[in-house]
Amino acid sequence: MTVQLPIISELVENLPNAFPPRRRDVPQPDDSKTAQQIMGFFTDTTLCIGCKACEVACKQWNQLPAEKFEWTGNSYDNTKQLGATTWRHVKFKEKVAEQGESRWLMLSDVCKHCESAPCEHSCPTGALIYNNFGDVYLQNDICNGCGYCISACPFGVLGRADHPHDDGHAHKCTLCMDRQEDAMTPACAKSCPTSSIQFGPVELLRETARDRERELHERGNDRAYLYGCDSVGDYGPLNAFFLLEDHPNEYNLPVAPQQPFKGQAVRYAASLAVGVGLTLLSAALFGGGHRRGR
Amino acid sequence: MPGLGASFGRGAATDYQQDLANADCILIMGSNMAEAHPVGFRWPMKARERGAMLVHVDPHFSRTSACCNKYIAIRTGTDIVFLGALINYVLTNERWFKEYVLNYTNAATIIDEEFKGPEDLQGLFSGYDAETRLYENDKSHWDYKGSPAEEKQKKAGAGDSHTHKTGVHGQSLMGGASTHTQKRGDVTTSEPQRDLTLQHPKCVMQLLRKHFARYTPEMVSRICGCSEREFLDVAELLCKNSGRDRTSSIVYAVGWTQHTTGVQMIRAAGILQLLLGNIGRPGGMIMAMRGHCSIQGSTDVSTLYDMLPGYLPQPTIEEHHGTVDGYVEYEGLPTGYWVNTKKFIVSQLKAWYGEAATKENDYRFAWLPRLDDDYSQLLHFRRMMKGEVKGQFIFGQNPAGGGPNANVHRAGLRELDWLVVSDWFPHESAMYWKDDPKGPPPGKIKTEVFFIPAASIAAKEGTFTNTQRLIQWHDRAVDPEGDSRSDLWFVYNLGKRLKKLYAGSRKPQDQAIQALTWDYDYEEHPRLPDGSPSRIVDEPDASKVLQEINGYWVNDKDPLNGKPKLLKGFSDLKDDGSTACGCWIYSGIFPSYERNRARDRNIGNNPLQPEWAYAWPHNRRMMYNRASADPEGKPWSERKKIIWWDEQQKKWIGFDEPDFEPTKPPSYRPAPGAKGMDAIAGNQPFIMKPDGVGWLFAPAAKDGPLPAHYEPVESPVRNLMYPQQNDSPTTRYFEGPLNKLDRTPSDEFPFVGFTYRLTEHYLSGPMSRFNSWLNELQPEMFVELSPELAKERGIQHGSFVTCRSARGSIEARAMVTTRIKPLKVNGKVVHQIGFPFHWGYSGESVGCQANDLTSLVAEPNVSIHEGKVFTCDIRPGRDPLSAPHGPTVEFARWPKNERAPQTRASAQPEGRVQEGGNQQ
Amino acid sequence: MGDKDVPFTAEWAENIRYRTDPNRVEQAQVTRYVPSENQPLAKGAPPGLSTKTRSTSSDPSAQAPTPALSRSTGRGGEGSYYDISMLKAPVWKWEIAWYFFLGGLSAGAYVISRMAFRHGKEECPDVCRTGARVALLAFLPCPPLLIHDLGDPKRFHHMMRVWKPTTPMNLGTWSILGYSGMVTFEVLRKYLEEHEREHGPGLRRHLFRLMDHPLPLLVHDALGVPFALLVAGYTGVLLSCTSNPLWSKNLWLGPLFSASAIGTGAAATSLAIDLTGGAEDSHSQRVLEKIDTAAHIAEVACMAGFLKQAGEKAQPLTKGKHRKHMMVAAGCLAGAEVIRHLPLQGRAKKLARMTSSLLTLGSGFALRWAMVQAGHDAANDPRLARIASRPQTQSAQRRQVQSTNKARPNG
Ligand SMILES: Nc1nc2c(c(=O)[nH]1)N[C@H]1C(S)=C(S)[C@@H](COP(=O)(O)OP(=O)(O)OC[C@H]3O[C@@H](n4cnc5c(=O)[nH]c(N)nc54)[C@H](O)[C@@H]3O)O[C@H]1N2
Ligand SMILES: Nc1nc2c(c(=O)[nH]1)N[C@H]1C(S)=C(S)[C@@H](COP(=O)(O)OP(=O)(O)OC[C@H]3O[C@@H](n4cnc5c(=O)[nH]c(N)nc54)[C@H](O)[C@@H]3O)O[C@H]1N2
Ligand code: SF4
Ligand code: SF4
Ligand code: SF4
Ligand code: SF4
Ligand code: SF4
Ligand SMILES: [Mo]
């Protein structure tokens, strides 16, 4: 990558962003009923028809470019994974049986808007925040592209726009914060023809999802289960969660996402212990010489 | 869609799509609904989630199959065997809906004694003339016993036959006779001889039993390649889910129509649904999924060469079409709604020629162009290829890519002197002279090509009519960019110039143009939705066009504005020239100047949403809905009710507009010899039919009154059903150097190729392959084949392959997938290869065209091609000669050179916002 | 019309729910998933995620439903998604490896220099002086490296718009800032000390007096040494706070980097002294050697701990492309110790010492390089990503099942 020399005017322009004002500018709820609702997604793969409308709607609304034209041969999935320019991504997995049931798994993947998000935890600039809809939001005018969040996310969601003409920032789903502010449904959920993507207050969605799972079980579909509706180990629940019908790895999802920051203090302590130990040792060695010298 | 017209009376899907959610079982066959109609597919999904069973019968396992409860792989082009066997299953196991069939179909009707079917005639129906490859209807005896035609044929005997013009499908679309050479009403009678015990050997029920006896589960497994078990499962599902309390639906699209037996496949579905009592009832329908957004509109207000708007046949050069009365005598029907034919045609002539059309001059019927031959697309381009066509306008079509055997289409375009293409993109048909890898160098092509940029959908107003006959208006949101103009603008201004050109002429042939009513100018300067005046000054007012289509009283003025009063509906129409109406079926859409019903957008509690836009006819959402009630007018069941007879109010009430005379009681019986609608009894729901019932036996199509299985023109196996008759006897072939056919099973082309759509692309591709968001999703042409075939031919997944048919060769990537299964057909393994047909040599993503492989043959009723099936071969390796030179448009990464949006929330503190909330 | 969507109410949620029609019987029972008779499908979700099955094995994938797939298309086996990893490779490249090395070295040299100042002012003034200079010199390229590594370098200052010590990168940034102040202070102080006599009284002299006062010096060390130790080790902690299979949650990564920082710091100081004409043998050098050896022992122990904890996930280091870098790191380290302990005298001893220092530095860099680059491979390896995403211990799995049970009312 070439160094982009800061142009003076741009620097000046960016100055107000360097130390932007704080909390008092957060929109205050005028209506107590609408406040405090965390908004999220419930993506039900049993209803997905693989039309990719969500993927395109997201690109269109957010004016994201196509990444590249590459025929992968991975069934009908030619965009491979989420990234800086693909914030919704439809996965395809063929499971054709010689006899009996043939299936074609389809899942519309998205940032999980984790309730305790490693990416938000990692961000050194505070570009990643929980916004007033409870969603993990990447403030594009603050991110400086350090890339920590990219390695922190256990779902491989984030990507950095590193193309020569790109801004070099990390990008991910905003949960259509701009649309939500205008009381509109996120573009992907809006375009989903079968309600495979359902948007709403997560509390309500979790209820819906549990109902749905129960109903599918009652109908004999024992494979259906919820993924991320509840916390998994030390990993809190996801605010964009899924109903799956196969092993999570089939959808390229982690069986049990890890909370990488857990035990951070211990690791600091261990690191400092070794450092302090060696420091004390060297002090002793220098001091020892001193005593011998006397 | 004559298949539907022949069975029920109107050539359109019988119901609205949303109603699929009410079905208890849906058979999707010949349609890839989830991929080609993803938005509509929400309704089958909803039905599935309510517990309905979805069955997909298709050559390839598609996204639709993945969403269905059951998927059955069959060999392309064998649907009549499958459907015929379903009919046979229903009949032999006595699973048909007795009351429905007896009252609402022609099961009891007795047919001409002389009629013979394939059982007697080795795969042919009576009346076949091997020389003309046509059924001579003077000798065919397909008519009702006691009908005028039968009388005539009795008298005539053998010998004198007429010349037949084929491909003229205006009438059969709406359920009349199949040619113009005899009166449309002659083959039937409103008072047919019936045998309600269904025992008469020539009654329709007995004919059906005899005809379909051959269609057994065993035949299904031998011909279609699926197992008997699979077939029986489907049969049982359909039967269990039909009857008083249940309904099943059938969904089809071009997987059926694009076959030489396409019309008959749809007919077979019609017979099945009539036997099961699944027409005109909630959740019971045949859903024809149509294509382009207003393709239904383009058959309604017809752009077809052989139809006038409103399904009135285009007059021909035949003598009896010389006058309005002659035309009406032949094309009208004495009973049923078509008795009004004269009102329709006279009002249409008044709308077109205004004051110049009077009773005295026969409403200038003589000015209408006359047909002398088949001018459908395939034949037209063949003529072009022979140099018989000098110039051509192409509006919004891409024949060089989407046309079957595109080689012929491109060869045709090369012979033109001039070509005008009005389109959004410089596609294959506009750039063939330069970018076609298989064509001669540009210097060798004489055609002068004009490219006219067309306005996009958001930059023009008008209506479109969808699959379920719903006419929806859209406003103009913005002005068209640059020099682009709407198609309406183009046609209107072209017309104006022509009128100017011929203004002074005294020649009789120019009078029609002089008299044409052609005044659609805006009365005040048009405005955009934001109130600003439009930049375009000479744009016509589309609502004026719609008003003319709706119709008006010629002499009755609206007191408010002094303009002619608009018609309230087609029941207002008169045959004395006092009404004008551009298209009778749309009448009622603009009942007054203030109300454009296509623009209605009210959502209420009625699940049919009658105030969302306007559905022809007369805002009826479910056609033939009289059949949802039993003969006495009571709903068959509480669960499946939609309209019913109310004894108190003495009228039909319910959720939908009745597709019936609103006050005709169920007990009404016509007096002998009654004419028009009076001849339709109170228990006869199919009012477009002269006898008021659905036609199990339909003397309407050109290739037989009952569906019979014939192999596709190109097939690797012979016809096991009728060994003497391999392919459809009435198919027309156009063999030539550019259109070679492989008509016998050959070793050279041992595999079956079939074509289909992907969600990500649109048709021949102009609308999607210039869009990087879509290209990214499906960036390259590929073919789908089974691992078994790949092994046989040594093909690696993802490598390039060359596919050949008798017409040419193309290269593509190999998608080796178990979604395509090799089939066992009569003990022999048949491999099928799937071709998406979306690529071409223009655009941001380019690839070889599947249509370089397809053949040009024509089905007899509608002259449709067999784009869905051909024989081919596949080999590893590339085919450099057929590969496009490269993208004609560079892929630009940021679509509008804009970066991702800047956040408005930069003021947010880091960390969780505790007291968040919606902004007001 | 339609630009505002339906508000989020309970009725609205009702609308999007799919429910079975209560009037439907029979077929409602027949579902989409009818296993064929000869190939019964394992039922239920994978263990740990569903209440339907309980896991006893530690490897959940062993219990994954066996799908009905018998005719595979080839690419991507079972329980995986083609060849695509579920994780993203880090965006950190050579700059970061260099920064890890130089930053650590600088911090190590600095700490040693301060210890020499505190406890060996007389015997080892050279260590004190040279160490500070090495620290500054090694530190100088760090900010440019870090800035260059950013996707948007002109926004490097955004790192400091928040105080967020919970993220190592932010804490690290502040530490670097603090540390850079301390190093500058120290180098300036040393400079003034040396030039004080020549220039006599004046502004600089006063400044020096101020700086050399015990109180500022105490504050300086009370802040500077912790900053330096943070700079030495936070990089390892930073890596361990990622989801990268190689690094994730590894307790030993921070200590490893700390130890390596002190070791390379000592080696660099020793080398610098030798290069600037240090004696063939001196007390300072002996102490530095001992510190280095101690650091090396710690390093080896930490590495062993690291590999043990990472287990299979360390394959990119032990088996992959970067095995050679790892071997270089280990070889250099061993070589350094062997050469150092050769019974040599005089000039040869000095040469051996210099070689040993160089080898230590090489080892330190190779370690950082291998660690960063192997991280790329680890994240790009779909199998490792899957392994890293499994419940790591049996008890974790049990907890998981319990928590899912609690959350689901119908059990
Ligand atoms: N995304 C997208 N949507 C579209 C279009 C598009 O190009 N792209 N085109 C629009 C247009 S113009 C139309 S007409 C419709 C068409 O809509 P569809 O007819 O649904 O589209 P196809 O995919 O061409 O064909 C349907 C299915 O028929 C199968 N088939 C082929 N031959 C046979 C056969 O002999 N028997 C049976 N049972 N099945 C067969 C194919 O495998 C395919 O799955 O879609 C419309 N919608
Ligand atoms: N082998 C095979 N061949 C097939 C089929 C198949 O299934 N298999 N399907 C067939 C079917 S069903 C169809 S419908 C045909 C379709 O074939 P075509 O009718 O050729 O359809 P398109 O390729 O979409 O071309 C439509 C053109 O209209 C332009 N356009 C869109 N809107 C406007 C407008 O408002 N004004 C103007 N002036 N232009 C506009 C678009 O840019 C595009 O270039 O292909 C047929 N060909
Ligand atoms: S999925 Fe990844 S990017 Fe999304 S919130 Fe969770 S950690 Fe952050
Ligand atoms: S790349 Fe941007 S969003 Fe991600 S951690 Fe760094 S500053 Fe935060
Ligand atoms: S919520 Fe918005 S940004 Fe996120 S995936 Fe959906 S459309 Fe894209
Ligand atoms: S829009 Fe809905 S149905 Fe279509 S791919 Fe996305 S999630 Fe699936
Ligand atoms: S393209 Fe338009 S008509 Fe076709 S499915 Fe999508 S929304 Fe419906
Ligand atoms: Mo079509």
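Every chain is numbered from 1, with letters handed out A, B, ... down the list of sequences.
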Check whether [X] gets within reach of chain C through its side chain, its backbone, both or neither, counting any heavy atom under 4.5 Å.
X: A:Cys153; result: backbone
X: A:Pro154; result: both
X: A:Phe155; result: backbone
X: A:Leu244; result: neither

Contacting region of [X] [heavy-atom separation from chain A under 4.5 Å]:
X: C:Ser284; result: neither
X: C:Asn244; result: backbone
X: C:Phe257; result: neither
X: C:Ala385; result: neither

> Side chains of A:Pro124 and C:Lys164: closer than 4.5 Å at any heavy-atom pair?
Replying inline: no

> Are A:Asn249 and C:Met86 side-chain neighbours, meaning at least one heavy-atom pair lies under 4.5 Å?
Replying inline: yes

So which atom in [X] and which in [Y] form the shortest heavy-atom distance, rounded to 0.1 Å?
X: C:Ile291; Y: A:Ser282; result: CD1-CB, 3.1 Å
X: C:Cys124; Y: A:Phe286; result: SG-CD2, 3.7 Å
X: A:Ala283; Y: C:Met115; result: CB-SD, 3.7 Å
X: A:Val274; Y: C:Pro255; result: CG2-CB, 3.5 Å
X: C:Arg161; Y: A:Thr125; result: NH1-O, 2.5 Å
X: A:Leu272; Y: C:Leu230; result: CD2-N, 4.3 Å

So which of [options] has the largest heavy-atom pair count under 4.5 angstrom toward chain C?
options: A:Ser75, A:Gly277, A:Ala265; value: A:Ser75
options: A:Tyr148, A:Phe261, A:Tyr251, A:Tyr268; value: A:Tyr148
options: A:Leu253, A:Val157, A:Leu281; value: A:Leu253

So which of [options] has the largest heavy-atom pair count under 4.5 angstrom toward chain A?
options: C:Ala259, C:Ala298, C:Ser248; answer: C:Ala259
options: C:Ser240, C:Cys241, C:Ala379, C:Ser258; answer: C:Cys241
options: C:Ile84, C:Ile96, C:Ile262; answer: C:Ile84
options: C:Ala116, C:Pro90, C:Ala232; answer: C:Ala116
options: C:Val111, C:Leu256, C:Leu238, C:Leu239; answer: C:Leu238
options: C:Gly375, C:Pro168, C:Ala107; answer: C:Pro168

> Distance under 6.0 Å and angle within 45° of the ring axis: does A:Lys80 meet both against C:Tyr82?
Replying inline: no

> What's the verdict on side-chain contact (heavy atoms from CB on, under 4.5 Å) for A:Cys146 and C:Met159, showing C-alpha distance, side-chain angles and the deciding distance?
Replying inline: CA-CA 9 Å; A:Cys146 73; C:Met159 290 284 189; 3.6 Å; yes

>> Apply salt bridge (Lys or Arg N to Asp or Glu O under 4.0 Å) to residues A:Asp234 and C:Lys249 and explain how you reach the verdict.
In response: CA-CA 13 Å; A:Asp234 51 18; C:Lys249 285 171 135 179; 3.7 Å; yes

>> Checking C:Met169 against A:Ser122 for the side-chain contact (heavy atoms from CB on, under 4.5 Å) test, could you report, in this order, the C-alpha distance in whole Å, the side-chain angles of both residues, the deciding distance, and whether it holds?
In response: CA-CA 7 Å; C:Met169 199 177 277; A:Ser122 74; over 6 Å; no

> A:Gln264 side chain to C:Thr166 main-chain N or O, any donor-acceptor pair under 3.5 Å?
Replying inline: yes

> Can you find a side-chain donor-acceptor pair between A:Asn144 and C:His158 that sits under 3.5 Å?
Replying inline: no

>> When you compare the side chains of C:Tyr81 and A:Asn74, does any donor N or O come within less than 3.5 Å of an acceptor on the partner?
In response: no

> What residues form a salt bridge (Lys or Arg N to Asp or Glu O under 4.0 Å) with C:Lys88, not counting sequence neighbours?
Replying inline: none

> salt bridge (Lys or Arg N to Asp or Glu O under 4.0 Å) with A:Arg267: which residues, sequence neighbours excluded?
Replying inline: none

Pairwise distance [atom1]([X]) to [atom2]([Y]) - rounded to 0.5 angstrom:
X: C:Tyr234; Y: A:Ser271; atom1: OH; atom2: OG; result: 11.5 Å
X: C:Leu87; Y: A:Ile150; atom1: CG; atom2: CD1; result: 12.5 Å
X: C:Ile112; Y: A:Thr279; atom1: CD1; atom2: OG1; result: 8.5 Å

